[in-house]
Amino acid sequence: MTHVSLKNLSKIYPGTQTPALDNLSLEIPTGELTALLGPSGCGKTTTMKMIAGLLEPSSGDITFDGKSVLDEKPEDRGAVMVFQNYLLFPYMSVAENIGFGLKMRKADPNQIKKRVGEMLDMVKLPDLGNRKPSELSGGQQQRVALARALIIQPDVLLLDEPLSNLDAHLRLEMRDLIRSLQQEMKITTIFVTHDQEEAVVLADKIALILDGKMKQYDTPQAFYDAPIDEATARFFGSQNFIHGSAKDGIFESSLGKISIPKNIKAGQGALTFRPENVQIQQDGSKENTFTASVDNIIYLGTQTRLKLKLSDVEIDAIVNPREAQGLSIGEQINICLPAEILWKVG
Ligand code: ATP
C-alpha cells in the first residue's frame, strides 16, 4: 500500500505553449480511491501517464511513500495502468492475458495457473479463460483488463476512464465491481473520469481539474455542499446562482434581502444551492420565500425538473413528481430557499 504525492506537477508537450497540466499538487492517501474528474482535454490522462512512468513531467515531482519515482522505469514503480480501450493482447487467450504480468516476472507456471483461476473468479468470468479477447463483450474485456492489472498486486492502480466504453447497465455493474475489489484489496487507486456521478459514487476523494488546473480536492459531499466557485458548482449540476453581497447573515440581491447562515463570509459573490433542496410552499409565510413563475416542467421519471423565474433570476428546482402534479407553465408558485441550503461562491 502506497501514499502517492504529486508535487507541482506540470506538463508542456513539445511544440505547444499551453500546459496540458499546470502545477498540480495532490496527496493521494494510502489505500483510498481518488477520482481525477474533469472535462475532456483537461489533462487527466497526461497526469496518469506521468504517474505510471509512461510520460516525463516538464517539472515537479511524483513520490511513492515519500520517495521520488521519476528515475524509476514504469515496470519498477509498482503502478499499473488500465486503459479505456483495454489494450488486451489479441492473439493470447483470456487466461494468457491475465497471467502475462506473472509470466514476465518468471513466476512458477502452476502458481500462474492458480492465480489466473482466482482472478477469473474475482472478476466473475470463471469459464472464459480459453476464449480470445475478440470473443468477449466490451464489459468482459474490461474485466479481463482489470484482472490482468490486479494479478500482480500493484501498489498503485491507475484506471483511465475504464467505464466509458460500456453501456449504462454494464457501467453500473463494473462500477460496483471496481469499488468492492478496491475496498477488499485496499490498493491506492486513481480513477480518471469526466462523469461527476461516477466520481461521487466511487471515490473517497475527488480532485476536480479544469483547464489543466486543480479547482478543488475534497470529499464528494463537499462538492455538493461547498463548491469553491461557480464553475465547480456548475460541473456538479447546479445552475442556481443569485448575485449580490453578503454581510452579517444577510445577502442583498435583486430579489431583496435573503437570510443566510452567519458563517458565510462577507462580500460580493453568488448564492448557490442544489436544485433538489428548493422547496415548494403553499403559503408565503416562511423566511426566504419568493414568488416564482413556472417556465418549464420536465418530467424525468423519478423526479421532475422545474425551470423557474424569480424576477430576473432563473433557477432550477428538482422535486418529487407528485409535488409537480397539477402545475402548469406560466403559473405563479411560492418557493422557499431555507438559509441552511445556501452557500456563497466568489
Ligand atoms: P480525455 O478525457 O479526452 O481523455 P484528458 O483530460 O485525459 O482528456 P489529456 O489527454 O491529458 O486530457 O490532454 C490534455 C491536453 O494535452 C489536451 O489539450 C491535449 O490536446 C493535449 N495533448 C495530449 N497529448 C498530447 C501530445 N502527445 N502532444 C501534444 N498535446 C497533447
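Computed from heavy atoms alone, side chains included, the values below leave out hydrogens, waters and symmetry copies. Start at 1 and go down the list; that is how both ligands and their atoms are numbered.
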For this session: Answer yes if the side chains of Glu32 and His3 hold a donor-acceptor pair under 3.5 Å, and no otherwise.
Result: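 Looking only at side-chain atoms, His3 and Glu32 do not form any donor-acceptor pair under 3.5 Å.
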Exercise. Distance only, no hydrogens: is a donor on one side chain within 3.5 Å (strictly under) of an acceptor on the other, for Gln332 and Thr291?
Worked result: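 Side chains of Gln332 and Thr291: no pair found under 3.5 Å.
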Seminar exercise, completed: Distance col, row Leu24:CG vs Thr46:OG1, nearest 0.5 angstrom, shows 11.0 Å
Exercise. How far does CE of Met81 sit from CG of Leu87, to the nearest 0.5 angstrom?
Worked result: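 If I round to the nearest 0.5 Å, the distance is 9.5 Å.
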Problem set entry | Test: Lys11 cationic atom under 6.0 Å from Tyr13 six-membered ring centre, within 45° of axis |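 Yes - Lys11 lies over the ring of Tyr13, closer than 6.0 Å to its centre and within 45° of its axis.
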Exercise. Hey, does the Lys NZ or Arg CZ of Lys205 hover above the aromatic six-ring of Tyr217, less than 6.0 Å from the centre and inside 45° of the axis?
Worked result: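 Yes, Lys205 lies over the aromatic ring of Tyr217.
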Problem set entry | N/O separation below 3.5 Å, Lys44 to ligand 1 | yes
Problem set entry | Ala20 N/O to ligand 1 N/O under 3.5 Å | no
[atom]: nearest protein contact (heavy atom, Å):
atom: atom 3 (O) of ligand 1; value: Ser40 OG, 2.6 Å
atom: atom 18 (O) of ligand 1; value: Gly41 O, 3.8 Å
atom: atom 10 (O) of ligand 1; value: Thr45 CB, 3.7 Å
atom: atom 11 (O) of ligand 1; value: Thr46 OG1, 2.5 Å
atom: atom 24 (N) of ligand 1; value: Tyr13 CZ, 3.3 Å

Exercise. Going by the atom numbers of ligand 1, which of them fall below 4.0 Å from some non-hydrogen atom of Glu161?
Worked result: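 Listed by number with element, the hits are 2 (O).
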Exercise. Parallel, tilted or perpendicular: which describes the rings of Phe223 and Phe236, with under 30° parallel and over 60° perpendicular?
Worked result: parallel
For this session: Not counting sequence neighbours, which residues clear side chain to side chain donor-acceptor pair (under 3.5 Å) with Thr2? List them please.
Result: none
For this session: Heavy-atom distances under 4.0 Å are what count here, so tell me which part of His194 touches ligand 1: side chain, backbone, both or neither.
Result: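 Neither; nothing of His194 gets under 4.0 Å from ligand 1.
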Exercise. Within 4.0 Å of atom 20 (O) of ligand 1 (strictly less), any protein heavy atom?
Worked result: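 Not a single protein heavy atom is under 4.0 Å away.
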Exercise. Does Lys11 have a non-hydrogen atom less than 4.0 Å from ligand 1?
Worked result: no
